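All remarks here apply to the structure that follows.
Every value quoted in this text rests on a predicted model; they were computed, and no experiment measured them.
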Amino acid sequence: RNHTPWLKRIEAIRAYAESDGDFEGKSEAWNLSQAMYDHGCDFKDNLTEMNVTWGNCFGWEYSDWEFKTLEWFCPQKCNCPGQGTDLCPEPNGKTCSEVKSCLFHEGAYYCPGNRQGET
């Protein structure tokens with residue numbers, strides 16, 4: 001709960017769930033955001049117990065969900081044990097823990113020590 005990027009992701013998902021539009025999977029998005037807040041990376045187990053459909057770490061169940069996937073937040077829970085797996089991208093050749101300090105903007109990662117816009 002003290003990890004700012006994690007909380008921002010939760011806020012984005014919750015904003016979608018609370019939006020006025022008639023979007024697919026709004027109630028599931030609410031359950032996802034709450035499970036993420038309450039259970040951290042164990043949110044998957046909680047949603048399974050609640051029989052909530054959401055997708056997986058690498059893709060969402062609902063096409064209206066345009067938020068980024070969650071594999072880099074929870075690499076162990078998403079079965080990303082090491083480097084070089086196809087499902088666990090390594091932007092700039094960085095591991096999941098290293099990329100946490102990077103910003104992603106307009107298709108490029110901005111990491112400490114990189115030149116501006118280096119991908």
Supply the atom-to-atom distance W54 CH2 to S33 OG, rounded to the nearest 0.5 angstrom.
13.0 Å
Closest approach of R9 to L70 (non-hydrogen atoms, all atoms of both residues)
CG-CD2, 3.8 Å
Are the side chains of E61 and E28 in touch, meaning some heavy atoms are under 4.5 Å apart?
no
Show, in sequence, the C-alpha distance, side-chain angles and deciding distance for C74 and C41, and conclude whether the disulfide bond (SG atoms under 2.5 Å apart) test is met.
CA-CA 6 Å; C74 304; C41 285; 2.0 Å; yes
Quick one: closest heavy-atom pair of L32 and L47, and the distance?
CD1-CD1, 3.6 Å
Could you measure the distance from the NZ atom of K44 to the CG atom of D42? Nearest 0.5 Å is fine.
9.5 Å
Consider ring pair (Phe, Tyr, Trp, His ring centres under 6.0 Å). Of W30, F23, Y62, which one does Y16 pass it with?
F23
Please round to the nearest 0.5 Å and tell me the distance separating atom CE of M36 and atom CZ of R14.
9.5 Å
Parallel, tilted or perpendicular, as decided by the 30° and 60° cut-offs, for the rings of W6 and F43:
tilted
Working to the nearest 0.5 Å, report the span between OH of Y37 and CD1 of I13.
14.5 Å
Taking all non-hydrogen atoms of both residues into account, name the closest pair between G59 and T69 and its distance.
N-CG2, 3.7 Å
Backbone N/O of D45 and side chain of K77: donor-acceptor pair under 3.5 Å:
no
Do F73 and H3 come within less than 4.5 Å of each other through their side chains, counting heavy atoms only?
yes
